[in-house]
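Computed from a prediction, not measured in an experiment: that's the story for all the values here.
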There are 2 protein chains.
Amino acid sequence: MSIQKRRERERAERERLIVAAARELAEAEGWEAVTTRRLAAEIEYSQPVLYSHFKGKEAIMAAVAVEGCAELAAELRAARTAVSGHREALAAVGEAYTAFARRRPALYDAIFTLDVGLPFATPEAPAELWEAFGELSRAVAPVAAEGEDPALLTETYWAALHGLATLTRSGRLPEEAHAARLALLTGHFAAGAS
Amino acid sequence: MSIQKRRERERAERERLIVAAARELAEAEGWEAVTTRRLAAEIEYSQPVLYSHFKGKEAIMAAVAVEGCAELAAELRAARTAVSGHREALAAVGEAYTAFARRRPALYDAIFTLDVGLPFATPEAPAELWEAFGELSRAVAPVAAEGEDPALLTETYWAALHGLATLTRSGRLPEEAHAARLALLTGHFAAGAS
DNA sequence: CAGATTGGCTAGCGCTGCTAGCATCGCGGT
DNA sequence: ACCGCGATGCTAGCAGCGCTAGCCAATCTG
């Protein structure tokens, strides 16, 4: 029996290895450099082994995305709880969000840009994703005006941050004015709050 | 002499054909269906002919993007000039922008999402792009508050629209509440305007 | 100890963007 | 009028992609 247990352990360890290798490669050279061949070489197994763990490349990327999501949630929480005041919290979360997108572009893309078949906005979405959205929500809800749906306002603020992050990173918005744009955004969203 | 002229004409016509075929294919089946082989078959020439007109697939996509940009600019202008009042114009432009993204996803992606080597936010950016941004600007600037940089505010509003458009289209935001989110956004940006 | 089952491998399929090298066609000079 | 030459578009192929069929060995089971 313990032999089977060991096997399972080794198998789980190898799966962890695959995800870690995919993440490292993506963060170092971008997702276009992450091929199943390179990934297989990295973990020192043959290509088909990957397919005994994941349905395909997309599933591997989705696993990396979920991992990154947990980190994003943690960073948002840290930013939010480090300041006091609703406006300050909103600004801090916005700053943390765009900083994450800038510092971990591969993770960010896996979560929010690329199509990896990850369910969103449904109960089947991974808990890490809900947690990250919850952190955004805890920063946005307090600045919601009378009669505004906090969830909708969170979605809107999130979308705005996403737009800033992606357009800036792709070079479509000049990098140097990022802070100023973020300030404008948070200012307009926290217009009537303390 | 007129033979060379005819040749040039035919060549220009063929180039137009390539871009048109790429656009049609992309709009009908998405960019992943646009391969150089299918494109060549569509224009009834061999593959290498494409490379005598464009440096590569990216350049073809960029040409489609510029074309789409002109249409986006026209639609934004139409939306803006069809209503009166600054708030109304801002809302109309926002609606037109997200509608364009939804109705012409392939064009939108070529312009704003995919990396096709198109210069942005520099003098080398194509005139069509500047024109589209100018239309946004004409809608945003009138609602800028005292001391706010209209250009920066335009960029921020644009980024927010881009976020809404991309997240909604990729299924990360539920479609049905799009109008409500757009209303929240424009409301917050036009807070102090007439 | 023989037979069944599992697990990882090699090899290969059909596709991608792109290019080298070869024909053929038509212009310009003698 | 004809011949050489440059331009033009073709066939064929390269290297790499995601993914899978089928084999072979090692392990578990009766």
Between B:Arg14 and D:dG9, is there a side-chain N or O to OP1/OP2 distance below 4.0 Å? yes
At under 4.0 Å, does any side-chain N or O of A:Ser52 touch on OP1 or OP2 of C:dG7? no
May I have the distance from B:Phe54 (atom CZ) to C:dT19 (atom P), rounded to whole angstrom? 16 Å
Kindly say whether the aromatic ring centers of A:Tyr157 and A:Tyr97 come within a distance under 6.0 Å. no
Which nucleotide in the set C:dA20, C:dG17, C:dG8 lies at the smallest distance from any side-chain heavy atom of A:Val49? C:dG8
Distance check needed: D:dT8 P versus B:Leu50 CG, whole Å only. 16 Å
Aromatic centroids of A:Phe112 and A:Trp158 separated by under 6.0 Å: yes
Whole-Å gap separating C1' (D:dC17) and CD (A:Glu32): 13 Å
Between P of C:dC18 and CZ of B:Arg38, the distance in whole Å: 17 Å
Tell me if the aromatic rings of A:Tyr45 and A:His53 count as close, with their centers under 6.0 Å from one another. no
In whole angstrom, what separates B:Glu44's CD from D:dC10's C1'? 15 Å
Between D:dG18, C:dC9, D:dC10, spot the one nearest the side chain of B:Tyr45, thanks. D:dC10
Taking only N and O in the side chain of B:Ser46, is any of them less than 4.0 Å away from OP1 or OP2 of D:dG9? no
Determine whether more than 12 heavy atoms belonging to other residues, nucleotides or ligands lie under 6.0 Å from atom CD of A:Glu10. yes
Taking it one step at a time, do A:Leu90 and A:His86 satisfy side-chain contact (heavy atoms from CB on, under 4.5 Å)? CA-CA 6 Å; A:Leu90 187 70; A:His86 295 154; over 6 Å; no
Return the value, rounded to whole Å, for the distance between atom CD of B:Glu10 and atom P of C:dG26. 12 Å
Between C1' on D:dC17 and CG on A:Leu25, what's the gap in Å once rounded to a whole number? 15 Å
Atom-to-atom span, CZ of B:Arg11 to P of D:dA7 - whole angstrom: 12 Å
Under 3.5 Å, is there any donor-acceptor pair linking the side chain of B:Arg37 to the base of C:dG17? yes
Would you say C:dT16 has OP1 or OP2 under 4.0 Å from some side-chain N or O of B:Thr35? yes
No-H, no-angle donor-acceptor pair, B:Gln47 side chain to C:dC18 base, under 3.5 Å: yes
Assign each of B:Pro48 and A:Tyr51 to its nearest nucleotide of DNA chain D by heavy atoms, then name whichever residue's nucleotide is nearer the 5' end. B:Pro48
